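Structure first, commentary second.
Only a predicted model underlies this, so the values are computations on that prediction, with no experimental measurement involved.
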There are 2 protein chains.
Amino acid sequence: MARKTGSHSDITGPRIRAEAQRLFARHGFAAVSMRQIAAAVGVQAGALYLYTPDKEALLFDLLNSHMEELLAAWATEPRGVGPREGLEIFVRFHIRFNLTRAEAVFLSYMELRNLNPENFAVIEGLRKRYETELEALLKAGQEANAFLVPDTKLATMAIIAMLTGVNTWFREGGRLSRETVETIYWDMVRKAVGA
Amino acid sequence: MARKTGSHSDITGPRIRAEAQRLFARHGFAAVSMRQIAAAVGVQAGALYLYTPDKEALLFDLLNSHMEELLAAWATEPRGVGPREGLEIFVRFHIRFNLTRAEAVFLSYMELRNLNPENFAVIEGLRKRYETELEALLKAGQEANAFLVPDTKLATMAIIAMLTGVNTWFREGGRLSRETVETIYWDMVRKAVGA
DNA sequence: GTCTATAATCTGATAGAC
DNA sequence: GTCTATCAGATTATAGAC
């Protein structure tokens, strides 16, 4: 069962992504050097290029994985029995999922500008798909007369911005539990859409 | 009226700040070099150091000015005759002011991490002061039984995140005018706080 | 007030030994 | 798969001429 000397490809790849995410989120993509990432992983800078063609591809991989995981996780959430329950599930899901991926969420909002146009379009497409999921819920509720929403597009953007904002101030062990925060935000969203 | 050769201190200072803001917002603080800023202004890199001790002080100056101007502008807004009108004035003010300073708003949210701890604390203090203005409005409305807000701190964060989010998608000349957007957002905020 | 020149260091990425 | 060494160029900031 002896391993070949210095061969850790199964573990080094994920470690590079983890350390890159941590460093990019903390200092910003441009401020972090390949050498810093390598040092955090415990390899030399040259070794990184076995796992990524360049620095930008590393960033794209992080953003792309995050968005794919977000959509996949949402797909496994239960559908509500009506518009109101469906929206509550979305609100709670968004807060909960984003809080467990704070670094990735931060990167996805802050470092998009460091992607080339093709990669940027991919991430924007995935983000749009997620927004459309919420907008569909709002439209359905509006048509069923369960909600009173003057503009579903604006309501979509308003709700997502409001929910994502939790990431900027929430701290585990603070005044309120995550569950309580979810409930209070759901109360505000529910009233805002007239449900 | 002849000027001394190459003397433009009255105009170069503001130009440096304007170009730095534009470049930092577009590419990120770390990704922009002092040479790029100098080139955009039309001077050599060395000349920048007559106006700023270093790159970080330039960023701090931009963030600090923005926050001071935000607070000063809010201070000149009319007070509403009641909690409801007061909140509407805040909602419209926040959207309107932030849309006219999109680059500065973006920087204030994205580049805080590039400040040293002292400068960071200054900006955080100013931001907190602004948040407290909104929270006071919500508390007053709650006590007057004009609003029904389960948690004024969370409502403050939720409303600010929601309103600031307009900056990420609003484009002049798009589907809706700024006035219309203000009105729709005010409708959502009003309902969310039970007014 | 602006310029040129420069110091000292760091950058992303590659080549080739092991 | 990882290392060392290296390339070619960029970085912030300063010194001193004009």
Side-chain angles (χ1 to χ4, degrees), chain A residues 1-24 26-63 107 111 113-116 118-119, chain B residues 1-24 26-63 107 111 113-116 118-119:
Chain A
M1 307 303 155
R3 256 217 168 92
K4 276 206 174 154
T5 316
S7 176
H8 305 287
S9 77
D10 52 339
I11 184 86
T12 303
R15 290 250 297 133
I16 289 172
R17 283 189 286 278
E19 294 295 342
Q21 179 167 96
R22 191 179 62 83
L23 289 167
F24 288 163
R26 191 161 306 182
H27 307 291
F29 175 76
V32 175
S33 71
M34 295 298 266
R35 279 170 181 76
Q36 278 177 272
I37 298 169
V41 173
V43 296
Q44 292 297 314
L48 299 182
Y49 291 88
L50 295 170
Y51 299 90
T52 182
D54 55 35
K55 193 184 173 189
E56 194 214 299
L58 184 52
L59 175 64
F60 174 72
D61 186 37
L62 293 172
L63 301 192
L107 283 186
E111 304 294 1
R113 60 188 169 190
N114 289 298
L115 298 178
N116 67 45
E118 292 79 28
N119 286 343
Chain B
M1 304 304 156
R3 257 219 168 88
K4 277 206 173 152
T5 316
S7 176
H8 306 286
S9 77
D10 52 340
I11 183 85
T12 303
R15 292 248 299 132
I16 289 172
R17 283 189 287 279
E19 295 295 341
Q21 178 166 98
R22 192 178 62 81
L23 289 166
F24 289 164
R26 192 161 307 183
H27 307 290
F29 175 75
V32 175
S33 71
M34 294 298 265
R35 278 172 182 76
Q36 279 177 272
I37 298 169
V41 173
V43 296
Q44 293 297 312
L48 299 181
Y49 291 88
L50 295 169
Y51 299 90
T52 182
D54 55 35
K55 193 183 172 190
E56 193 213 300
L58 184 50
L59 175 64
F60 174 72
D61 185 38
L62 292 173
L63 301 192
L107 283 186
E111 304 294 1
R113 60 189 168 190
N114 289 298
L115 299 178
N116 66 44
E118 293 79 29
N119 285 343

Original post:
Looking at Thr12(B), does any N or O in its side chain come under 4.0 Å of the phosphate oxygens OP1/OP2 on dT2(C)?
Top reply: yes
Original post:
In whole Å, what is the span from the CG atom of Leu48(A) to the P atom of dT2(D)?
Top reply: 10 Å
**OP:** Supply the atom-to-atom distance Leu50(B) CG to Thr12(B) OG1, rounded to the nearest 0.5 angstrom.
**Re:** 9.5 Å
Subject >> Distance, rounded to the nearest Å, where Phe29(B) contributes CZ and dT11(D) contributes P >> reply: 13 Å
**OP:** Counting heavy atoms from C-beta on, name the nucleotide in dC3(D), dG12(C), dA13(D) closest to the side chain of Val43(A).
**Re:** dC3(D)
Subject >> Gln44(B) side-chain proximity, nearest of dA13(D), dT4(C), dT11(C) >> reply: dT4(C)
**OP:** Check every strand shown and say whether Val32(B) touches a base, only sugar-phosphate, or nothing at a heavy-atom separation below 4.0 Å.
**Re:** sugar-phosphate
Subject >> Rounded distance (Å) that lies between atom C1' of dA13(D) and atom CD of Gln36(B) >> reply: 17 Å
Subject >> 5' precedence on DNA chain D between Gly46(A) and Ala31(B) (nearest-nucleotide basis) >> reply: Gly46(A)
Original post:
So how far is it from Gln44(A) CD to Met34(A) CE, rounded to the nearest 0.5 Å?
Top reply: 13.0 Å
Original post:
Can a side chain N or O of Ser33(B) be found less than 4.0 Å away from OP1 or OP2 on dA10(D)?
Top reply: no
Original post:
If every non-hydrogen atom of Leu58(B) is compared with every non-hydrogen atom of Thr52(B), which pair is closest and at what distance?
Top reply: N-OG1, 3.4 Å
Subject >> Length of the CE-P vector between Met34(A) and dT2(D), whole Å >> reply: 14 Å
Subject >> Among dT2(D), dT14(D), dG12(C), the one nearest Tyr51(A) by side-chain distance >> reply: dT2(D)
Original post:
What integer distance in Å separates Ile37(A):CD1 from dT11(C):P?
Top reply: 11 Å
Original post:
For Asn116(A), does its backbone N or O pair with a side-chain atom of Glu56(A) as donor and acceptor, under 3.5 Å?
Top reply: yes
Original post:
Between CD of Gln21(B) and CD1 of Ile16(B), what distance do you get to the nearest 0.5 Å?
Top reply: 14.0 Å
Subject >> Rounded distance in Å - CG (Leu58(B)) to C1' (dA13(D)) >> reply: 14 Å
Original post:
Once you round it to whole Å, what is the distance between C1' of dG16(D) and CG of Leu50(B)?
Top reply: 13 Å
Original post:
What is the distance, rounded to the nearest whole Å, between atom CD1 of Ile11(A) and atom P of dT2(D)?
Top reply: 11 Å
Original post:
Which of the following nucleotides, dT6(D), dA13(D), dT2(D), is nearest to the side chain of Arg35(A)?
Top reply: dT6(D)
**OP:** Among the candidates dA13(D), dT14(C), dC3(C), find the nucleotide nearest to the side-chain atoms of Tyr49(B).
**Re:** dA13(D)
